[in-house]
Amino acid sequence: MDISKGLKKYFTTQLLSWHRNDNDRNLPWKNEQDPYKIWLSEIILQQTRALQGMPYYLRFTETYPTIADMAAAKDEDVFRIWQGLGYYNRCKNMLATARLVTTEFGGKFPDTYEGIISLKGIGPYTAAAIASFAYGLPHAVVDGNVYRVLSRYFAIETPFDTTEGKKQFATLAQELIDPAHSQGYNQAIMDLGATVCTPRNPLCDQCPLQKNCVAFHQNLTTLLPVRSKKITVATRHFNYLVIKWADRIWLRKRTGKDIWENLHEPLMIETEQAIDKKELLQITSFKELQLEYGSIDFAGNGTQRLTHRIIESRFFTVDVEEKPSFIPEDGFWATPAELATIAFPKTVLSFLRNNLYF
DNA sequence: AAATCGGGGTC
DNA sequence: GACCCAGATTT
């Protein structure tokens, strides 16, 4: 990189000035002092918009005011609160970290960058955010906002989703941070990216950096930042058998390194293509269940659009009078009361609620 | 280096 | 429909 010192100096000075005088973005975790709550907010906000994460942050801080409270909670209770937020390994790692800090560190959150980044679920971004916001340490955050603001202001065309790009932006960000005002700098660059230097239709007329922004003057804002890879979306077909016996339905917790790990669902048979009831009855794995499928009915479907997947779900209800013997052993018969205490994928939750299972 | 992991907002 | 969001982890 060959960027003049003046251009960098102007960037930092203007950014901090804007933050002090004109930044009116107000969020509940801003100016928070408690490392636990700062950490909690950063985990929730990974790949998650602030407005989407806010109700979850408020519920978590209300339910678990301290990290010891979270550490003492039952896994299921924590996952239930996380339900609907996505990327459920964040929840799993968060719980593991809460328990490690509570039991091994006496409840004291690590206060060095190296100590922070060694924790599960914490990478370069989150470690820099906690280090600066909680302890004033001079580590520059690099998130999606930073890629956008820096790539435009300096007209950097290196794709940010490559090893080279990540290194280049991280180095530049670290050069730009004011070590004496690391919290303000990190807060400012993310707030500017979220409210002014937006992905589409940025508010350049309100931008404190416009005077020296290369992308603005060369009309490149719509071309920056550059992403190298395109997202490919594959479709999966999940066929759910909602088996009801007495007032209970059969559920199991998803395991393995797959989508929705640790969430619950009815018995599910995945197929390459969408199938109807007639085709379902021909599937070997279905026949092996030896259900009284005279009562099986197609009961609805759902489409869940994710970033890189489309999940097409079909729900079939199976009412049985006798408790089936050939159901897999890794599940349980859930009562209506239990359904309200465990976590489901959104599409499963919608089906159960819409069909008055609880 | 590339693939995975959710769900919602925006245009 | 495509892209993005206070990214991290595994393959």
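Only this structure's heavy atoms are used, side chains among them; waters, hydrogens and symmetry mates stay out. Quick note on labels: first sequence line is chain A, next is B, and so on, each numbered from 1. Computed from a prediction, not measured in an experiment: that's the story for all the values here.
The distance between atom NZ of K230(A) and atom C1' of dG1(C), rounded to the nearest whole Å, is 10 Å. In this structure, the CD1 atom of I117(A) is 11 Å from the C1' atom of dG7(C), given to the nearest Å. The distance from atom CZ of R236(A) to atom P of dA3(B) is 16 Å, rounded to the nearest whole Å. A straight line from CG of D258(A) to C1' of dA3(B) spans 13 Å, rounded to a whole angstrom. dC5(C) atom C1' lies 12 Å from atom CZ of R200(A), rounded to whole Å. One interatomic measurement links the two molecules: CD1 of I311(A) to P of dG6(B), which rounds to 9 Å at whole-angstrom precision. In this structure, NZ of K257(A) is placed 11 Å from C1' of dC5(B), rounded to the nearest angstrom. Between the CG atom of L27(A) and the P atom of dA6(C) there is a distance of 10 Å, rounded to whole Å.
Residue whose closest nucleotide on DNA chain B sits further toward the 5' end, between Q304(A) and T162(A): T162(A). Of the residues near DNA chain B, K229(A) and G86(A), the one whose nearest nucleotide (by heavy atom distance) lies more toward the 5' end is K229(A). Projected onto DNA chain C by closest heavy-atom contact, K120(A) and S41(A) fall at different nucleotides, the more 5' of which corresponds to S41(A). When each of K30(A) and R305(A) is assigned the nucleotide of DNA chain C with its nearest heavy atom, R305(A) is the one assigned upstream, toward the 5' end.
At a threshold of 4.0 angstrom between heavy atoms, the contacts of N186(A) with the nucleic acid are absent. Residue Q187(A) is classed as a base contact, given a heavy-atom separation below 4.0 Å to a base. Across all strands, L306(A) comes closer than 4.0 Å to base atoms (heavy-atom distances). Contact annotation for L85(A): base contact, defined as any heavy-atom pair under 4.0 Å involving a base atom. Residue contacts for T126(A): at a heavy-atom cut-off of 4.0 Å it reaches the sugar-phosphate backbone alone, with no base atom in range. Within the 4.0 angstrom heavy-atom criterion, only backbone atoms of the sugar-phosphate kind lie near W260(A); the bases stay farther away. Among the protein residues, G84(A) comes within range of the sugar-phosphate backbone only, with heavy atoms under 4.0 Å from sugar or phosphate atoms but none that close to a base. Within 4.0 Å (heavy atoms only), A129(A) reaches no atom of the nucleic acid at all.
With P as the reference atom, dT10(C) and dG6(B) are 14 Å apart, rounded to whole Å. Between dA6(C) and dC11(B), the distance separating the two C1' atoms is 22 Å to the nearest Å.
Neither OP1 nor OP2 of dG6(B) sits under 4.0 Å from any side-chain N or O of H308(A). Under 4.0 angstrom from either OP1 or OP2 of dC3(C) there lies no side-chain N or O belonging to T307(A). Q47(A) has a side-chain polar atom (N or O) that falls below the 4.0 Å cut-off from OP1 or OP2 of dG7(C). Between R90(A) and dC5(B), a side-chain N or O to OP1/OP2 separation shorter than 4.0 Å is absent. Distances shown here put every side-chain N or O of N89(A) at or beyond 4.0 Å from the OP1 or OP2 atom of dC5(B). Taking only side-chain nitrogens and oxygens, K166(A) never comes nearer than 4.0 Å to OP1 or OP2 of dG7(C).
The base of dC4(C) sits within donor-acceptor range of the side chain of R49(A), with an N or O pair under 3.5 Å. Not a single donor-acceptor pair, N or O on each side, falls under 3.5 Å between the base of dG7(B) and the side chain of T48(A). Counting atom types as modelled, Y125(A) pairs no side-chain N or O with a base atom of dG7(C) as donor and acceptor under 3.5 Å. Not a single donor-acceptor pair, N or O on each side, falls under 3.5 Å between the base of dG8(B) and the side chain of Q52(A).
For N201(A), the listed nucleotide lying nearest its side chain is dC11(B); candidates were dA6(C), dG7(B), dC11(B). Distances were taken from every side-chain heavy atom of Y88(A) (C-beta onward) to each of dG7(C), dT9(C), dG7(B); the shortest belongs to dG7(B).
For N21(A), the CG atom counts as densely surrounded, since its 6.0 Å shell holds more than 12 non-hydrogen atoms of other residues, nucleotides or ligands. Around CG of N219(A), the count of heavy atoms belonging to other residues, nucleotides or ligands within 6.0 Å does not exceed 12.
With hydrogens and angles left out, the side-chain atoms of T12(A) and D178(A) include no donor and acceptor closer than 3.5 Å. A donor and an acceptor atom, one from each side chain of T271(A) and N239(A), are located under 3.5 Å apart.
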Checklist line | Working for salt bridge (Lys or Arg N to Asp or Glu O under 4.0 Å), residues D191(A) and R25(A) | finding: CA-CA 7 Å; D191(A) 284 342; R25(A) 195 182 190 206; 2.8 Å; yes

Next item on the list: Any chance you could lay out the salt bridge (Lys or Arg N to Asp or Glu O under 4.0 Å) test for R254(A) and D330(A), step after step, and finish with the verdict?
Entry: CA-CA 10 Å; R254(A) 286 179 63 85; D330(A) 58 342; over 6 Å; no

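Put simply, the residue from R99(A), K92(A), K253(A) that forms a salt bridge (Lys or Arg N to Asp or Glu O under 4.0 Å) with D75(A) is R99(A).
Within the 4.5 Å cutoff, side-chain heavy atoms of C204(A) are placed close to those of Q210(A).
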